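To start, the structure under review is shown below, and the notes come after it.
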Amino acid sequence: MFPEESLMRRCNRIIKRTLDLIGSSIGLVFFPLVLIPVAVAIKIDSRGPVFYRQLRTGRNGRLFTCYKFRTMSVDADENPVRRSDPRVTRVGRFLRRTSIDELPQLINVFLGQMSLVGPRPHIPTHTLFYGSIIPRYNERLAVKPGITGWAQVNGYRGSTDRMWKMERRIEHDLWYIAHQSLRFDLRILLRTFILQLTGDKNAY
């Protein structure tokens with residue numbers, strides 16, 4: 001798929017995994033400081049579990065259980081979330097807007113199922129659907145999915161109600177895979193942090 005690209009080089013993979021382990025370990029040490037108030041808020045706001053588990057497609061098409069804080073009612077379907085979606089709870093809106101709902105994915109990073117930076121993981125049905133109609137879509141499966149990515153910090157986060165939005169995501173994912181480096185990952189993480197401070201209009 002990517003015979004010469006950056007992420008295919010053994011040295012880069014080792015450096016990237018080291019960053020993932022350091023970042024996820026530090027994050028998980030402080031995770032209880034976020035977990036306790038978020039868990040209480042979720043439980044007070046709506047019935048159901050604190051965590052939401054969903055099968056996602058990982059590297060080489062392997063399925064894994066992705067963890068998030070639950071942001072929707074327990075009987076919600078798995079269709080993509082829209083703006084002002086009635087399935088999203090009051091606490092869930094805040095968690096999604098601030099991306100706090102994604103923090104449990106640090107567990108996936110620590111386990112080696114995800115990376116801090118990479119293409120966002122899709123549910124299996126979306127992988128099959130888009131893989132059959134978007135050229136080179138499946139090439140993004142050559143690497144681990146990420147909590148954040150080049151597409152997300154360039155405005156291609158949120159709804160993909162139009163095909164061109166997903167196509168732009170894939171273009172950015174493939175660009176990232178071809179040009180990945182430690183410096184590039186740190187740049188994306190910094191831009192992600194800045195977006196959370198200033199507000200990401202596509203986070204809902």
Side-chain angles (χ1 to χ4, degrees), residues 1-29 31 51-69 78 80 99-131 134-154 156-158 160 166-193 195-196 203:
M1 290 183 180
F2 294 91
E4 301 298 331
E5 275 77 351
S6 180
L7 275 177
M8 297 300 101
R9 300 176 190 141
R10 180 175 177 80
C11 181
N12 259 20
R13 293 201 303 270
I14 293 174
I15 293 173
K16 186 171 179 62
R17 180 57 182 156
T18 300
L19 175 64
D20 287 343
L21 281 173
I22 293 174
S24 60
S25 296
I26 293 174
L28 289 173
V29 167
F31 185 62
F51 295 104
Y52 176 66
R53 299 170 176 83
Q54 186 182 53
L55 279 181
R56 298 288 181 98
T57 308
R59 185 182 181 189
N60 295 326
R62 296 191 187 95
L63 300 183
F64 69 97
T65 300
C66 184
Y67 298 99
K68 299 180 69 174
F69 283 123
E78 293 191 344
S99 297
I100 291 175
D101 64 314
E102 309 281 1
L103 287 180
Q105 289 169 33
L106 290 171
I107 298 171
N108 295 115
V109 175
F110 185 80
L111 294 175
Q113 299 163 330
M114 292 180 63
S115 179
L116 293 175
V117 180
R120 285 295 294 160
H122 295 163
I123 61 175
T125 53
H126 285 183
T127 300
L128 290 173
F129 174 70
Y130 290 116
I134 298 179
R136 301 188 65 194
Y137 174 92
N138 288 324
E139 292 181 19
R140 68 199 298 277
L141 301 179
V143 302
K144 293 178 185 177
I147 295 180
T148 186
W150 185 233
Q152 284 64 46
V153 299
N154 279 282
Y156 296 106
R157 175 184 176 177
T160 53
M166 181 59 77
E167 290 171 345
R168 297 294 87 74
R169 275 194 191 183
I170 303 311
E171 288 176 4
H172 282 74
D173 288 343
L174 298 181
W175 173 269
Y176 168 75
I177 294 172
H179 298 87
Q180 189 276 335
S181 68
L182 175 60
R183 183 177 179 180
F184 196 10
D185 277 9
L186 293 175
R187 176 184 171 191
I188 292 172
L189 290 171
L190 177 60
R191 288 183 62 170
T192 300
F193 178 70
L195 276 174
Q196 301 321 306

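Heavy atoms only: backbone and side chains are in, while hydrogens, waters and symmetry mates are out. Predicted, not measured: the structure shown is a model, and the values here were computed from it.
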Return yes when atom CZ of R62 has more than 12 non-hydrogen atoms of other residues, nucleotides or ligands closer than 6.0 Å, and no otherwise.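 Not more than 12 within 6.0 Å, no.
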Determine yes or no for a side-chain-to-main-chain donor-acceptor pair under 3.5 angstrom, with [X] supplying the side chain and [Y] the backbone.
{"X": "N154", "Y": "H172", "value": "no"}
{"X": "N108", "Y": "T65", "value": "yes"}
{"X": "R169", "Y": "Y156", "value": "yes"}
{"X": "R59", "Y": "A142", "value": "yes"}
{"X": "Q152", "Y": "G149", "value": "yes"}

Write down the atom of [X], the atom of [Y], and the distance for their closest heavy-atom approach.
{"X": "I177", "Y": "E139", "result": "CD1-O, 4.0 Å"}
{"X": "R140", "Y": "L174", "result": "N-CD2, 4.1 Å"}
{"X": "Q196", "Y": "R157", "result": "NE2-NH1, 3.9 Å"}

For residues F69 and F51, establish whether the separation of their ring centroids is below 6.0 Å.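 Yes - the distance between ring centres of F69 and F51 falls below the 6.0 Å cut-off.
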Ring centres under 6.0 angstrom apart (H179, F184):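 Between F184 and H179, which both carry aromatic rings, the centre distance is not below 6.0 Å.
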So how far is it from [X] [atom1] to [Y] [atom2], rounded to the nearest 0.5 Å?
{"X": "N60", "Y": "K144", "atom1": "CG", "atom2": "NZ", "result": "11.0 Å"}
{"X": "M166", "Y": "I134", "atom1": "CE", "atom2": "CD1", "result": "6.0 Å"}
{"X": "D101", "Y": "L103", "atom1": "CG", "atom2": "CG", "result": "8.0 Å"}
{"X": "L106", "Y": "L111", "atom1": "CG", "atom2": "CG", "result": "11.0 Å"}

Pairing residues for R56 by the side-chain hydrogen bond (donor to acceptor under 3.5 Å, both in side chains) criterion, not counting sequence neighbours: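 If we apply the side-chain hydrogen bond (donor to acceptor under 3.5 Å, both in side chains) test to R56, skipping adjacent residues, the hits are Q54.
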Under the side-chain hydrogen bond (donor to acceptor under 3.5 Å, both in side chains) test, residues paired with R168 that sit two or more places apart: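 Partners of R168 by the side-chain hydrogen bond (donor to acceptor under 3.5 Å, both in side chains) criterion, ordered by chain and then number, come out as E171.
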Tell me, do [X] and [Y] make a side-chain contact under 4.5 Å, heavy atoms counted?
{"X": "C66", "Y": "M114", "result": "yes"}
{"X": "F193", "Y": "V153", "result": "no"}
{"X": "I188", "Y": "Y176", "result": "yes"}
{"X": "L21", "Y": "F110", "result": "yes"}

Determine whether D185 and I15 satisfy the following criterion, side chain to side chain contact (heavy atoms under 4.5 Å, CB included), listing intermediate values before the conclusion. CA-CA 11 Å; D185 277 9; I15 293 173; over 6 Å; no
Could you tabulate the donor-acceptor pairs under 3.5 Å formed by side-chain atoms of residues 115-124, not counting sequence neighbours?
residue	atom	partner	partner atom	Å
S115	OG	K16	NZ	3.2
S115	OG	D20	OD1	3.0
S115	OG	D20	OD2	2.8
S115	OG	V117	O	3.2
R120	NH1	Q105	OE1	2.9
R120	NH1	G146	O	2.8
R120	NH1	I147	O	3.2
R120	NH2	E102	OE1	3.1
H122	ND1	Y137	OH	2.5

